[in-house]
There are 2 protein chains.
Amino acid sequence: MASQGTERVSSQQLSERLDLSAAQIRKDLAQLGELGIRGVGYDIAGLVERLTKVLRLDQGYRMVVVGMGNLGRALSAYFGFNHGAFVVVAGVDPDPEKFGLDVGGFTVRPLEDLAQIVRDEGVDLGVLAVPASAAQESYDRLVAAGVRGVLNFAPAQVQAVPQAPLKSVDLRIYLEELVFSLPEDAEPDSSSISTE
Amino acid sequence: MASQGTERVSSQQLSERLDLSAAQIRKDLAQLGELGIRGVGYDIAGLVERLTKVLRLDQGYRMVVVGMGNLGRALSAYFGFNHGAFVVVAGVDPDPEKFGLDVGGFTVRPLEDLAQIVRDEGVDLGVLAVPASAAQESYDRLVAAGVRGVLNFAPAQVQAVPQAPLKSVDLRIYLEELVFSLPEDAEPDSSSISTE
DNA sequence: ACTTGTGAAGGCTTTCACAGCC
DNA sequence: GGCTGTGAAAGCCTTCACAAGT
């Protein structure tokens, strides 16, 4: 809405876009202070500014991707990863064959250089795109190198330390949710059976 | 637990593993019928069977990936996508340079063949790994080809029809959650300021 | 003795509805 | 007239605690 130049929005309008009740929108926004103007609505630019700050997206985050296989390269290029607050500034891999490979924006460097890269590039976050078997070790290396948090795409349980929170993404969950949302197979014969 | 040959488990044990209260575990499982045995616990094999059925993972799902860039290839190989109920059986791309490319398990085929592939291979689900600009069109093609549901990785709003539910994965959300979970920066000077 | 299943209590979240303000 | 902010009411979910069962 901001990028379309709209200036104000009501809780009613937001509720339609976000599929929530208008009262919910107002209760939630009121938590952040009196952002709205009675009789008028909310100032969009003001909302964006306040929310950006609350969500801590008012500062940039520099990231390093560990594991430059298909997933690592895909994540490095992922639209969302290079917009707004997030930028991938480096990628590392243990395989010497990958060193120097250009991944649009940076070239792949040796895993061994991780600590130096984190220091020199001012890296804040690490992304794990390694096989499950290498996940824990890679997390430990990232922590030792000094990152503040890690996003893990490896399908593995990783033990984290409080100084570097870990968030794991399990893509299987999405498949399971999708399958569960599928309409039931039509009943083979009888015309009106209530779905229990 | 099942794969380790354990036979029984108590709500207490499950609560520790899942980080929920034992009462919650019991309430939830009781919804599915009386699965436990008083004084004894739950039969693990029985639980797995019941949950697999409830979550509709007792049948296989065949998938086609649309877009064979880094992300598409990564998803095709993703551990989770080829275990248990889910199998990627085909990948398509509009780029003729990619036709015939081997992606471990299958070769890339023309986007044009989508309808035929869905029919011949008995494809149930589609996965969108295309640029945002191609997301809607690709979804529509998948629906026309006859898939029952679509998982979308493109950072785009896609309009879905009820016959083919859409689930979109926005990886930026994970980065935002990770950042929000980061410990606050230490205050620059004074020794005890309450974090407000 | 041990553990489930479950009413009842407690706590939390959402919705209602309207005073207050533009 | 229109819209926010918010107490009060309603609704929902979690926890408690114990009877019932092995």
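Chain naming here is simple, since letters A, B, ... match the order of the sequence lines and numbering starts at 1 in each. FYI, side chains are in, hydrogens and waters are out, and symmetry mates aren't considered; it's all heavy atoms of this structure. Owing to the predicted nature of the structure, the values given are computational and were not obtained by experimental measurement.
Within the 4.0 Å cut-off from OP1 or OP2 of dT3(C), not a single side-chain nitrogen or oxygen of Ser11(B) is found. Ser21(A) has no side-chain polar atom (N or O) that falls below the 4.0 Å cut-off from OP1 or OP2 of dT14(C). Residue Tyr42(A) places no side-chain N or O under 4.0 Å from the OP1 or OP2 atom of dG2(D).
Among the atoms of the strands shown, only primed sugar atoms or phosphate atoms (P, OP1, OP2) are found under 4.0 Å from some heavy atom of Leu35(A). No engagement by Gln12(A) is indicated, since no non-hydrogen atom pair under 4.0 Å with the nucleic acid exists.
In this structure, Arg38(B) atom CZ and dT4(C) atom C1' are separated by 5 Å, rounded to whole Å. When the P atom of dC12(D) is taken as reference, atom CD of Gln24(B) falls 16 Å away, rounded to whole Å. Distance CG (Asp43(B)) to C1' (dG21(D)): 17 Å, rounded to an integer number of Å. In this structure, CG of Leu32(A) is placed 15 Å from P of dT4(D), rounded to the nearest angstrom. Look at CD1 on Ile25(B): it is 17 Å from P on dC13(D), rounded to the nearest Å. Whole-Å rounding puts the Gln31(B) CD to dG7(C) P distance at 12 Å. Atom CG in Asp28(B) sits about 11 Å away from atom P in dC13(D), given to the nearest Å. Counting to the nearest Å, the P atom of dT13(C) and the CG atom of Leu29(A) are 17 Å from each other.
Side-chain contact annotation: Gln13(A) with Ser10(A), donor-acceptor N/O pair under 3.5 Å present.
Not a single donor-acceptor pair, N or O on each side, falls under 3.5 Å between the base of dT14(D) and the side chain of Lys27(B).
A salt bridge does not link Glu176(B) with Lys167(A): none of the charged nitrogens is closer than 4.0 Å to a carboxylate oxygen. A salt bridge between Arg172(A) and Glu177(A) is absent, with no side-chain N of the basic residue lying under 4.0 Å from a carboxylate O of the acidic one.
Here the CG atom belonging to Leu171(B) is positioned 8.0 Å from the CG atom belonging to Leu151(A), to the nearest 0.5 angstrom.
Where Arg26(A) and Ile37(A) meet DNA chain C, the nucleotide closest to each residue was compared, and Arg26(A) sits on the side nearer the 5' end.
Distances were taken from every side-chain heavy atom of Ala23(A) (C-beta onward) to each of dT3(C), dT15(C), dG5(D); the shortest belongs to dT15(C).
Under a cut-off of 6.0 angstrom, the local environment of CD in Gln116(A) is crowded, with over 12 non-hydrogen atoms contributed by other residues, nucleotides or ligands.
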